[in-house]
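Counting convention: from 1, in listed order, for ligands and their atoms alike. Position 1 is the first residue of the sequence, and the numbers go up from there.
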Amino acid sequence: MGLSPTIIEDRMKAIRREVPDGVTIVAVSKFQPIENLKSAYNAGQRAFGESRVQELLEKIPLMPSDVKWHFIGHLQTNKVKSLIGKTFLIESVDSLKLLELIDKESREKNVVTDLLLQVHVASEETKFGFSKEEILAFFLSGKYRYLKSVHICGLMAMATNTENTDKIREDFRNAAEIYHEIQRICEDNKEFKILSMGMSGDWSIAIEEGSNEVRIGSSIFGARY
Ligand SMILES: *Cc1c(COP(=O)(O)O)cnc(C)c1O
């Protein structure tokens, strides 16, 4: 059994009160039925996060047109074409190959795609993302300037999946350091201003470490089925 509409609305409103001004909340609605998204919408929420292209494309026409759709899942190259032009922000760009492909497909569709690069700071091997070395090398090379059909708006990071809050804090601190270093390297890129980190279990630590965007799913919608 999922949560009732009133409970979702109440939880959504509570989180919108708790999260400080200046921090964007993305309601992570992956695997949730459309009714649940509508409850969050009714509580004032406009930014929603989805992790699968097919699911996102199915949900778009079922929600009001002022919803800002964030794509937060691993993006396969064969799905890029169908995603371009549909998102407010793609947060999970985890390789140069993917970045260049998004640029190419955006150019062909005559749009500019706003995106974040996903940086890998967690201790698990399995998480996607650029290493610190890779991402700094990319910005130092100046190559980002040649990608005209994307705006690189910042970084997305996830902490290690652990109960150890010191470790979580350390991961977020590392991500924030990389973020600030990139801002120093490319002072000419004024668009680089989003640091997306923090989920249901760790968003307050993430904000303390400098996050200005949190992606919250289960604290709003309950468990995913
Ligand atoms: C699922 C997911 C979230 C939300 O996780 P919760 O623990 O349910 O808040 C946030 N970010 C990403 C990248 C996710 O895949």
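- What sits closest to atom 12 (C) of ligand 1 on the protein, heavy atoms only, is I72 CD1, 3.6 Å.
- Looking at E91 against ligand 1, nothing comes within 4.0 Å, counting heavy atoms.
- Nearest to atom 10 (C) of ligand 1 among the protein's heavy atoms is M199 SD, 3.2 Å.
- Close approach to R215 involves these atoms of ligand 1, each under 4.0 Å from a residue heavy atom: 4 (C), 9 (O), 10 (C), 11 (N), 12 (C), 13 (C).
- Not a single donor-acceptor pair under 3.5 Å links the side chain of S149 to the backbone N or O of S106.
- With ring centers used as reference points, F88 lies under 6.0 Å from H70.
- Contact atoms of ligand 1 toward S200: 6 (P), 7 (O), 8 (O), 9 (O) (distance under 4.0 Å to a heavy atom of the residue).
- Other residues, nucleotides and ligands place more than 12 heavy atoms under 6.0 Å from the NZ atom of K109.
- Crowding of K167 atom NZ: a count of heavy atoms from other residues, nucleotides or ligands under 6.0 Å exceeding 12.
- With sequence neighbours left out, the side-chain contact (heavy atoms from CB on, under 4.5 Å) criterion links K79 to V53, L75, Q76.
- Residues passing the ring-ring contact (aromatic ring centres under 6.0 Å, His included) test with F192, sequence neighbours excluded: F139, Y179.
- The shortest N or O to N or O distance between G217 and ligand 1 is under 3.5 Å.
- Side-chain atoms of E187 and Q183 form no donor-acceptor pair, as typed in the model, at a separation below 3.5 Å.
- Taking every non-hydrogen atom of I216 and a distance limit under 4.0 Å, the qualifying atoms of ligand 1 come out as 9 (O).
- The nearest protein atom to atom 2 (C) of ligand 1, hydrogens excluded, is given as K30 NZ, 2.6 Å; this is a heavy-atom distance.
- Looking at S219 next to ligand 1, no N or O pair under 3.5 Å apart turns up.
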